[in-house]
Protein chains: 2
Amino acid sequence: MFKERGYAATSMRHLANEVGIEAASLYNHISSKEEILQDICFDIAGQFVSNVDVLNSLSMPPHQKLLKAIELHVQVVVNNIDASAVFFHEWRFLDKENMREFVKMREKYEAAFYTIVKDGMQRGDFKKIQPKIYCQAMFSALNGIYLWYRPDGGSIDSNELGKTYGLMLLHGLKA
Amino acid sequence: MFKERGYAATSMRHLANEVGIEAASLYNHISSKEEILQDICFDIAGQFVSNVDVLNSLSMPPHQKLLKAIELHVQVVVNNIDASAVFFHEWRFLDKENMREFVKMREKYEAAFYTIVKDGMQRGDFKKIQPKIYCQAMFSALNGIYLWYRPDGGSIDSNELGKTYGLMLLHGLKA
DNA sequence: CCTACCGATCGGTAGG
DNA sequence: CCTACCGATCGGTAGG
């Protein structure tokens, strides 16, 4: 419901109605509306950050490492289509302290990508595009998967999706 | 304010306070809160759709046409950083009738890109990636510009930005 | 452009 | 898990 209506426009009464109880009864399960948002945001943030450890344990040339990073990222989004939409857009409603921690996790994750990209550029494996432009374009492309991909649709396999994003981002559309 | 707080979480009193008048006085200028959202969404939608006419008037090979389409898209986002953020995320709060028209305009715009991409694939100029995956990734990458680009920052020129997106999307990162 | 106000709804609590 | 309720705030209107 946070994905569909947005966090601010989803009331405790909406949530309660969906579960089939009264709004007041929700407070036997959670302590506040924001706690639900926290749970969602930090669940996804944790999955992304744990990918960083996987990547750091690999010794590969940059282009293979970037492909692996892309595939791992796609899997997180595809496995959490609704939660990742909330993660991407509703985190700004976290309170000050949680937002600070959230942003720190995101920065750690993004830094891992910047490192791979810059490393590849130094070695001459990659074009010398401005890393910020490339990385932000890449994140946006990957994060946008929740907008259109439906895992149960069946027509596109999620592993194939990861490979295709890797192909597009490394080699582009031109034949 | 709709960009920063979201439409639902921005009240008429917030808006009025920003302008320095009472909430009730806003209704001498607008007829409803949603009207402001309409104005923003359809302003941007109009700019995008008018790009389609420009593209249709060009006779170029697909890869040049796609580059032109990308550059035009980037200019709309860059010239309307705040409004395009609202356009991308808050349109779901439009009422039923406006949303229907809005979606129709978006579909018309997206169809122009699909046509170029499919045409290029048939001619063998482009890789045979699934058009939906490629186009959605492209839209997400381009639309995400509002998240990080600041036109007044000065360090990245908007024309250069359009060219760089074209390079990335057509040729990828690999050297 | 204002004051004064409408009914509806908000997140959350008290008490059982 | 409920009923009953709190003060705050919502979009919007009446009337000047």
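In the text below, chain A, chain B and the rest are named by the order of the sequence lines, each starting its count at 1.
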Participant: Can you tell me how far C1' of dC5(D) sits from CD of E22(A), to the nearest Å?
Facilitator: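 The answer, rounded to whole Å, is 13 Å.
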Participant: Classify the angle between the aromatic ring planes of Y109(B) and F48(B) as parallel (below 30°), tilted (30 to 60°) or perpendicular (above 60°).
Facilitator: tilted
Participant: Reckon S25(A) has a side-chain N or O less than 4.0 Å from the OP1 or OP2 of dC2(D)?
Facilitator: yes
Participant: Across the strands shown, which category fits T10(B) at heavy-atom distances under 4.0 angstrom: base, sugar-phosphate, nothing?
Facilitator: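 Here T10(B) touches the backbone only, sparing every base.
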Participant: Take Y149(A) and I133(B) through the side chain to side chain contact (heavy atoms under 4.5 Å, CB included) test and state the conclusion after the steps.
Facilitator: CA-CA 9 Å; Y149(A) 182 71; I133(B) 301 182; over 6 Å; no
Participant: In the strands shown, is dA8(D) matched to any nucleotide by a Watson-Crick or G-U wobble pair with both distances under 3.5 Å, and which?
Facilitator: dT9(C)
Participant: State the pairing partner of dG15(C); accept Watson-Crick or G-U wobble contacts with both distances under 3.5 Å, and report none otherwise.
Facilitator: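 WC or wobble partner is dC2(D).
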Participant: Is the closest side-chain donor-acceptor distance between N56(B) and D53(B) under 3.5 Å?
Facilitator: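 Per modelled atom types, N56(B) and D53(B) side chains form no pair under 3.5 Å.
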Participant: Identify, between A24(A) and H29(B), the residue whose nearest nucleotide on DNA chain C lies closer to the 5' end.
Facilitator: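 Its nearest nucleotide lies further toward 5', so the answer is H29(B).
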Participant: Can a donor-acceptor pair be found between the side chains of Q47(B) and D43(B) at a distance below 3.5 Å?
Facilitator: yes
Participant: Picking from dC1(D), dC10(C), dC10(D), which would you name as closest to the side chain of H14(B)?
Facilitator: dC10(D)
Participant: Using atom CZ of R13(B) as one end and atom P of dC10(C) as the other, report the distance to the nearest whole Å.
Facilitator: 16 Å
Participant: So, OP1 or OP2 of dC10(C): does either fall under 4.0 Å of a side-chain N or O from S11(A)?
Facilitator: yes
